[in-house]
Amino acid sequence: MKGILITLEGNDGSGKSSVIEAIRKTLEEKGYPVVYTREPGGSQIAENIRKVILDVENTGMDAKTEALLYAASRREHIEKTIRPALEAGKIVLCDRFIDSSLAYQGYARGLGIDEVYHMNLYATEGLLPDLTILVCVKPEIGIARITQNHRGELDRLESEKMEFHQKVYQGYLAVQKKFSTRIQMIDGEKTKEEVRLDALDIVLRFIGEN
Ligand code: TYD
């Protein structure tokens, strides 16, 4: 495939979405063809699945159902959005991807990182990011940030207990260890500007600009 798939990962409130926006802007200014997208969602059917997953009315959802829905939405997203863009030689910037499933469903929900990884490979037909940037903050900091930003309205995953968010954090550290070449971790507790610069440095180096 001619393009490059770069994914941004992080626990809730890590600030990865503003980091990805800064990367998009810089790459576009440098003349690269960029497609920005996000998960869960990123194509019409995938967005519909997103609504089911994040609906606060679905609180009793079984963990495997949740993992399968994320994988189903990912499959749609790849087929309709990501693969065509990569085939056209674009840089695809994706806010969350397979590593979210490994940290949230694999580790935090206890399904097992390897099990969720293999189930996802069926959905993605082996497509993995070329580069992943993981922005990590301690869960207490992340949740305090999103509670402030959303003024109290949290989706189903965000409303989980602090114990779950601690596990997500631990899960990301375990996933990073497992894929330490592909996943570059940065400290999301630094200032916004420092975090952006750290992420830009990694991306520009990866594409041979620095
Ligand atoms: P979203 O509002 O898009 O979160 P954020 O702004 O934090 O990226 O909600 C996505 C939620 O879904 C988030 O809590 C992480 C979770 N998630 C999983 O549990 N597994 C997955 O595979 C993905 C893609 C997301």
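Just so you know, ligand 1 is whichever comes first in the structure, and atom 1 is the first atom listed for that ligand. Owing to the predicted nature of the structure, the values given are computational and were not obtained by experimental measurement.
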Output the list of atoms in ligand 1 that are nearer than 4.0 Å to some heavy atom of Tyr104, sorted by atom number.
-> 14 (O), 15 (C), 18 (C), 19 (O)
From the list Leu200, Val34, Ile6, side chain to side chain contact (heavy atoms under 4.5 Å, CB included) partner of Ile23 resolves to Leu200
Atom 24 (C) of ligand 1: nearest protein contact (heavy atom, Å) | Arg74 NH2, 3.5 Å
Within reach of ligand 1, part of Ile53 (heavy-atom separation under 4.0 Å) | neither
Should the ring pair Tyr104 and Tyr172 be called parallel, tilted or perpendicular, given that the plane angle runs from 0 to 90° and is split at 30 and 60?
-> perpendicular
Salt bridge flag under 4.0 Å for residues Asp55 and Lys51 | no
Counting heavy atoms under 4.0 Å, the part of Glu66 that contacts ligand 1 is neither
Please confirm whether Arg38 comes under 4.0 Å of ligand 1, counting heavy atoms of the residue only.
-> no
Look at atom 22 (O) of ligand 1 and say which protein heavy atom is nearest, naming residue and atom and giving the distance to 0.1 Å.
-> Ser101 OG, 2.6 Å
Mind checking whether Lys16 has a heavy atom under 4.0 Å from ligand 1?
-> yes
Taking atom 18 (C) of ligand 1 as the reference point, the nearest protein heavy atom with its distance | Tyr70 CZ, 3.1 Å
Run the numbers for me: atoms of ligand 1, each under 4.0 Å from some heavy atom of Asp12, listed by number.
-> 7 (O), 13 (C), 14 (O)
Note: Arg83-Glu87 ion pair, threshold 4.0 Å (strictly below) = no
Distance-only donor-acceptor check, side chains Gln166 and Glu140, under 3.5 Å = yes
Do Phe97 and Tyr70 have ring centres separated by under 6.0 Å?
-> no
Nearest 0.5 Å please: distance from the CZ atom of Phe179 over to the CD1 atom of Ile113.
-> 8.5 Å
Among all protein heavy atoms, pick the one closest to atom 4 (O) of ligand 1 and tell me residue, atom and distance.
-> Arg96 NE, 3.9 Å
Starting from atom 2 (O) of ligand 1, find the nearest protein heavy-atom neighbour and note its residue, name and distance.
-> Arg50 NH2, 3.3 Å
Closest contact, heavy atoms only, Asn11 versus Cys136 | OD1-CA, 3.7 Å
